[in-house]
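Worksheet: one structure, shown below.
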Number of protein chains: 2
Amino acid sequence: MRELGYVYNMGAARLRAERSHTIGVVVPNLTNPFFAELLSGMEASVDAAGLVMIIANTGDGPPRQAIVLQRLREHGVDGIILCPAAGTTDEIASQIEGWKLPLVQVLRHVTDELDYAGADYVAGMEEAVEYLVSLGHRAISFAAHGPVHSAYQERVQGFLGAMKRFGLRPEPVIRFPDRVDQIAQEADALFVKDRAPTAVICFNDLVAHGLAAGFYDRGLKIGRDISLIGFDDVADAEAMRPRLTSVSTAPNEIGQKAAALLLDRIAQPALPPRRWINPTRLHIRDSCRPLSSS
Amino acid sequence: MRELGYVYNMGAARLRAERSHTIGVVVPNLTNPFFAELLSGMEASVDAAGLVMIIANTGDGPPRQAIVLQRLREHGVDGIILCPAAGTTDEIASQIEGWKLPLVQVLRHVTDELDYAGADYVAGMEEAVEYLVSLGHRAISFAAHGPVHSAYQERVQGFLGAMKRFGLRPEPVIRFPDRVDQIAQEADALFVKDRAPTAVICFNDLVAHGLAAGFYDRGLKIGRDISLIGFDDVADAEAMRPRLTSVSTAPNEIGQKAAALLLDRIAQPALPPRRWINPTRLHIRDSCRPLSSS
DNA sequence: TAACGCCGTTAGATCGATCTAAAATCCAGT
DNA sequence: ACTGGATTTTAGATCGATCTAACGGCGTTA
C-alpha cells in the first residue's frame with residue numbers, strides 16, 4: 001500500500017456507508033476570541049473521535065444560516081453543532097427533525113427539542129450582583145451590546161432577578177456599540193440622567209475592556225471611582241490593569257461538551273433531548289472595591 | 001424535488017468528479033485572535049467560491065501536522081491552506097508535489113516551491129525602528145516569544161537590520177513566556193545587566209499587552225518612561241490605554257488572499273509558484289513619545 | 001432516397017469502499 | 001475418506017452523481 005501511495009478514499013466510504021466522518025460547526029462569528037476558544041475545545045473532542053470539522057459562518061443572520069445549513073447537508077455531515085443566529089425561530093426544530101440530522105445547540109438555544117450545551121448565564125450574573133452587593137454597592141448598572149438571543153436574555157434576567165431579590169432598583173439595561181473603541185467613546189451613557197452607578201456589570205469582557213478604556217479617558221479610576229465586572233473571563237482579563245474581575249464561562253469546556261453531546265446523539269439518535277449547563281465561576285481580581293461609606 | 005425533499009449528494013459527486021468542493025485549513029492554533037481573523041478572511045473568499053473549509057489544528061507540532069494532512073487527504077480536499085508548524089522542514093515540498101495536491105503556505109513559509117501569502121514582516125519591523133529612531137530613541141529592545149519559524153525570523157531580521165543601518169547596538173532578542181500574565185511578571189528581563197531600553201518593539205500585540213501590564217505593575221508609565229510598539233494591530237490595540245502603536249499586518253486580508261491563491265492553483269495546477277506579501281502599515285497611536293533630551 | 005451533421009435524450013459504465021451472499025476452505029469427529 | 005459446521009475468501013451489487021457513447025429525431029444536402 002505504501003509503495004503504491006494508496007490513500008483511503010473517505011468519499012467512497014461515505015457514499016456506501018452513509019457516514020462522512022465529518023461534522024459541521026455553524027457559528028455567527030469567527031473573529032470573537034470567545035468563539036475561537038469554543039472552536040478549539042470542539043476541535044479537541046472531534047479530532048479525538050477521528051472526525052473533522054467543517055466550519056461555517058452565519059454572520060448572525062438567519063437567511064445565511066439557512067444557506068449554510070443546506071450546504072452542510074449537501075456535504076453529508078454526520079451532525080451539526082449550531083450556535084443559532086440571532087432571530088432564529090423554534091420552527092427550526094421541526095425542520096431539523098425532518099432532516100433526521102443530529103444537531104446540538106451551543107451557547108444559545110431556540111428550542112427544547114434539541115440538545116444544548118451552554119453556560120449558566122443566569123447564575124453567573126447573580127453571582128456578580130451578589131458579590132458587588134457584598135461590597136456595599138447598590139447602584140449597579142448593566143452594560144450590554146450585540147444582538148439579542150437566549151444567552152443575552154439569560155444574562156439580563158440573571159442581573160435583574162438578583163437586583164430585585166436584593167430590593168435594588170433595577171436599572172435599565174444600557175446598550176453600547178459593537179466596536180471596542182466606540183464603547184470607550186460612549187462610556188458616558190452610564191451616567192446620564194439621574195444615574196450614578198458605583199459599579200457596572202458587563203455583558204462580556206469586550207464591553208468591559210471598552211468601558212475600562214472609556215473610564216481611563218475620563219479620569220475615572222477603576223476600583224476607586226467605579227467597580228467593573230466582566231463576563232466570559234477570556235485571556236485579556238488577566239492582562240488588564242487593574243486586573244478584571246470576570247465571570248468565567250469556560251468556552252473551551254463548553255465546546256468539548258457540545259462535541260461530546262453530538263457524538264452521543266450520532267451514536268444514539270433516539271435519545272431524549274439533553275442539556276448541559278456549564279457552571280460559571282466568579283474570578284475575583286482587582287477591578288472591584290468595597291464602596292467607601294460616604 | 002422540493003416535495004420529495006431531495007438534497008444534492010456532494011459525496012457522490014465528489015466520487016465521480018474527483019472534486020470535493022472542500023478545502024483544508026491547517027493552523028497551529030485556534031485560540032490566537034490573530035488566527036481567528038485569518039480564518040474569517042479565508043472563510044469569506046472560500047464561501048464566495050461555493051466551497052467549504054475543513055479546519056484542523058496542529059498544535060504547532062510536525063508529527064500532528066503529518067497526521068492532519070493525511071486525514072485531509074483521505075477526505076479528498078481540493079486543496080490545502082497550511083500555516084506550517086514550527087519545525088517543518090522543506091522536504092514537505094517534495095511530499096506535497098508527489099501528492100499532486102494544491103497547497104499554499106500562509107503566514108509562514110518553508111519552501112519556495114509552493115505558493116505563499118504573508119505579510120512583510122521585515123519592512124514592518126524596519127518601519128517600527130525608523131519611527132522610534134525619529135523620536136530620538138537609540139536603546140531599543142526586542143521582546144519575543146513563541147516558537148521560531150520564518151515569520152519569527154523575518155521579524156527579528158527586520159529589527160536587527162534596521163538597528164544596524166542606524167548604527168545602533170543590536171540588543172539581543174529577549175524571550176518571554178507564552179502566557180500574557182507570565183509576560184507581565186517577567187517584564188524585568190528587559191532591564192537586567194547594563195540594558196536600559198527607552199523603547200521596546202514587541203513580537204506581537206500579545207507580548208505588548210503583557211509588557212504593558214508589567215510596566216503598570218512597576219509604576220512605569222508607557223509614553224513617559226518607556227515607549228512600546230506592538231505588532232499585528234489586532235482589536236485590542238485600540239482598547240489599551242494609552243492606545244498601542246502597532247504594526248498592522250491585516251490578517252483578514254492575508255486570509256482572503258491565501259484563499260484566492262489556492263483557488264487559482266486549483267484551477268491551474270501548473271502555474272509557477274507565487275508569493276504575495278501584504279504590505280504592513282505602522283498604526284501610530286499613543287504608546288510612543290519623543291525621547292526627552294537628558 | 002440515402003447520407004450526413006446537429007442536437008437532445010437515454011442507457012449504462014464509472015468512481016472506490018462496503019456489504020451481502022455464495023463459494024471455497026478449514027477443522028474436527030466419526 | 002467423508003460429512004457437518006464453522007470460518008475465510010471471493011464475486012458482485014450497491015451508494016448517487018457524472019461522464020460517455022449510442023441512439024433517435026430533424027433538417028439539410030448530394
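Below, chain A is the first sequence line, B the second, and so on; all start at residue 1.
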B:Arg265 side chain near B:Leu271 side chain, heavy-atom distance below 4.5 Å: yes
With sequence neighbours excluded, residues passing side-chain hydrogen bond (donor to acceptor under 3.5 Å, both in side chains) with A:Thr88: A:Gln65
Heavy-atom closest pair, residues B:Gly158 and B:Met125: C-CB, 3.8 Å
B:Leu82 and B:Ile92, any side-chain heavy atoms less than 4.5 Å apart: yes
Distance-only side-chain donor-acceptor flag, B:Gln256 / B:Asn252, under 3.5 Å: yes
Bending between helix ends of the helix from C:dT1-D:dA30 to C:dT30-D:dA1 [5 pairs per end, 10° resolution]: 70°
Student check: side-chain heavy atoms of A:Glu97 and A:Leu114 closer than 4.5 Å: no
Interatomic distance, B:His75 NE2 vs C:dA17 P [rounded to whole Å]: 14 Å
Value in whole Å for how far the P atom of D:dC15 lies from CG of A:Asn9: 18 Å
Nearest-angstrom distance from the residue atom CZ of A:Arg19 to P of D:dG16: 18 Å
Main-chain N/O of A:Leu107 paired with A:Tyr121 side-chain donor or acceptor, under 3.5 Å: yes
Proximity to the side chain of A:Leu15 - top-ranked nucleotide from C:dG16, D:dT18, D:dA17: C:dG16
B:Ala17 side-chain proximity, nearest of D:dA17, D:dC19, C:dA17: D:dC19
Parallel, tilted or perpendicular: ring planes of A:His209 versus B:His209, cut at 30 and 60 degrees: parallel
B/S/- contact track for nucleotides 8-14 of chain D, protein heavy atom under 4.0 Å: ------B
Out of C:dT18, D:dA17, C:dG16, whichever nucleotide has its closest atom nearest the side chain of A:Tyr8: C:dT18
Distance, rounded to the nearest Å, where B:Glu18 contributes CD and D:dG16 contributes P: 20 Å
Residue pair A:Asn204 / A:Arg155, side-chain heavy-atom distance below 4.5 Å: yes
Between D:dC15 (C1') and B:Tyr6 (OH): distance, integer Å: 13 Å
